[in-house]
Amino acid sequence: MQDLSRRGVLRATAAAGAGAVVVPGAAAAGAPVANAASRGKGGAKCPPAQLTGRIVRPQDPNYASSSLGWDELFVHYPLVIVYVQDTQDVVNALTWARQNDVALRVRSGGHSLEGWSNVDNGLVIDISELKSARIDTASLTATVGAGLNQLEAVTTLAKQDVAVTTGTEGTVGLSGATLGGGFGFLTRYLGMACDSLIGAEIVVTSGADCASVLHVDARNHGDLLWALRGAGNGNFGIVTSLTYKVSPLKSVVYVTATWDGLSDLTQIFDTWQRTAPNTDNRLGTQLEIHPDKIFLFAVLAEGTQGEAQRLLAPLLSIDTPDVTVQEGNWGDIYTGFQIPTAADPANWKFFSQFTKKPFPRKAIGIVSSFMQDAPTTDSNFFTQAFGGAVRNSAPRGGTAFPHRDALFYSEPGAGWGTRGVPGSGDAITPIAQAWIAEFSQALRPYVNGAYVNVPNIGMQEWETAYWGRNVDRLRQVKAKYDPYNVFQYEQSIPPAS
Ligand SMILES: Cc1cc2nc3c(=O)[nH]c(=O)nc-3n(C[C@H](O)[C@H](O)[C@H](O)COP(=O)(O)OP(=O)(O)OC[C@H]3O[C@@H](n4cnc5c(N)ncnc54)[C@H](O)[C@@H]3O)c2cc1C
């Protein structure tokens, strides 16, 4: 287990097939549609609402498993969890929470890295059963239920030879990833996931205690679409479906390289950071430094194995790494590098950072010394190359995601404890957290900004770190669509006053 990557990209052999089960989603028929008059403060009251959908309460046998998110470091005891089955269930849940003054959280894939999709004594509106997909290969658009996870989305689209950018972990919710930005192997080719988002259905607050449905696109509520592209996680409403502009993608080449030990780290890191953000846009790479190994993972879209090896030659020629190369359908390759959640440690902690200028040797030395002093074998320093399409892929109308000029993204991360065994990691928790804090602090002179999808708890200027100059506009959009600040958590966007 020690050598497994957090994002599960180590498996060299792609298992073919394993496609997603996608069922037609329930339509929004019957759900009230918001108009301008019903938003904003004041307004009409609604008749008392009832919770509908698949409801899980504390006395139910599946309550414990339904409460648990991916990161078991965060344990919550919600009052009730509603697995919504259609948009009307979402309207009912939001109205019920408002009428009964109950705190609420929205959950999709349950991978929030601070446990913010759950809340003690509150209502969890879980949209993970909203699974549907309608793909139009003629117009290259796809409308999907917001409950798809990334594996379901990638494999469903890949069957039609189309794709959008996603992250690498299949069980992460497509909504959670896209609404915060969403990067992965296809980022340098297609931009961020949120760059392809051209529409959404979203349930927002309306009136004094009601909820209603908005259909958002470039022409309707364009300000909200802009905000959903990078700042939409649990801030403005509950997204029930997502419409993407998809891109043709027939095949990819997947390359992995593994170096034993960290003795080549300076040369590998420096070569990677000077080549990966500037290479052919079709090539996306991640470099992962573990306590005793260095891993390179690369995906070349629509290329040949020879091209991939040529583009990666500056790295592959350093020392003698173990190299694997595969070619195939993106859905099959993506499926093949997944690792079951059960094989992951229970608890995880990360700290996100973007970088605009290459790390000097001193910064690479910091990475090396912290990795040699890692608290667990499941610790790593993860990087993702930016550059390429992401520099200019912002769609018409723009995005709240700001980090277009990053060279790369990085995060120190540690995993510990055994899944399903509460308290199994307690002794390591303070050590791992201190290691992350000191590691990220040491890199501060070399980084610019942070990633909202990997939130940095305790960071002073978190809003600016996530969204740069977009913060004021986001607060305005918040005041317009959630004036009572119903969608609220530790780092939610406050409404402009
Ligand atoms: C193992 C792992 C690997 C990762 N790899 C990557 C990666 O390669 N690239 C990358 O970009 N990110 C990556 N991430 C970060 C990931 O994008 C975020 O954790 C993401 O927000 C998780 O989404 P979720 O739906 O699974 O989580 P959830 O916990 O369900 O939701 C996360 C947040 O989004 C909100 N939210 C979810 N669905 C909706 C909705 N429909 N409407 C409104 N708000 C909603 C929740 O309220 C919460 O605030 C990774 C995370 C993990 C744990």
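Bear in mind the structure is a predicted one, so any value in this text is a computation, not a measurement. Values reported hereafter were calculated over all heavy atoms of this structure, with side chains retained and with hydrogens, waters and symmetry mates removed.
- A side-chain donor from one of His111 and Thr171 sits under 3.5 Å from a side-chain acceptor of the other.
- Thr187 and Thr165 are not linked by any side-chain donor-acceptor pair at a separation below 3.5 angstrom, with hydrogens and angles left out of the test.
- Between atom OG1 of residue Thr258 and atom CG of residue Leu296 there is a gap of 9.0 Å, rounded to the nearest 0.5 Å.
- Atoms CG and CG, from Leu228 and Leu242 in turn, are 8.5 Å apart once rounded to the nearest 0.5 Å.
- When the options Phe408, Phe386, Tyr446, Tyr466 are evaluated for a ring pair (Phe, Tyr, Trp, His ring centres under 6.0 Å) with Phe354, the one that passes is Phe386.
- The side-chain tip of Arg107 does not point at the ring of Trp116 from less than 6.0 angstrom away and within 45° of straight on.
- Atoms CH2 and OG, from Trp330 and Ser251 in turn, are 11.5 Å apart once rounded to the nearest 0.5 Å.
- Every salt bridge (charged side-chain N to carboxylate O under 4.0 Å, His left out) that Arg274 has, sequence neighbours left out, goes to Asp270.
- Among the candidates Lys245, Arg229, Arg404, the single residue satisfying the side-chain hydrogen bond (donor to acceptor under 3.5 Å, both in side chains) test with Asp195 is Arg404.
- Between Glu463 and Arg475, at least one side-chain N (NZ, or NE/NH1/NH2) sits under 4.0 Å from a carboxylate O, which counts as a salt bridge.
- With Phe370 as the fixed residue, the ring pair (Phe, Tyr, Trp, His ring centres under 6.0 Å) test singles out one of Phe381, Phe439, Phe351: Phe439.
- Looking at residues two or more places apart in sequence or on another chain, you find a salt bridge (charged side-chain N to carboxylate O under 4.0 Å, His left out) between Asp280 and Arg282.
- Checking Asn233 against Asn453 by side-chain atom types alone, a donor-acceptor pair falls below 3.5 Å.
- Defined by atom type and a distance below 3.5 Å, a donor-acceptor pair is present between the side-chain atoms of Thr143 and Thr243.
- Residues Glu411 and Tyr409 bring a donor and an acceptor atom of their side chains to less than 3.5 Å of each other.
- Going from atom OG1 of Thr166 over to atom CG of Leu151 covers 9.5 Å, rounded to the nearest 0.5 Å.
- The pair Arg105-Glu490 meets the salt-bridge criterion, since a charged nitrogen lies less than 4.0 angstrom from a carboxylate oxygen.
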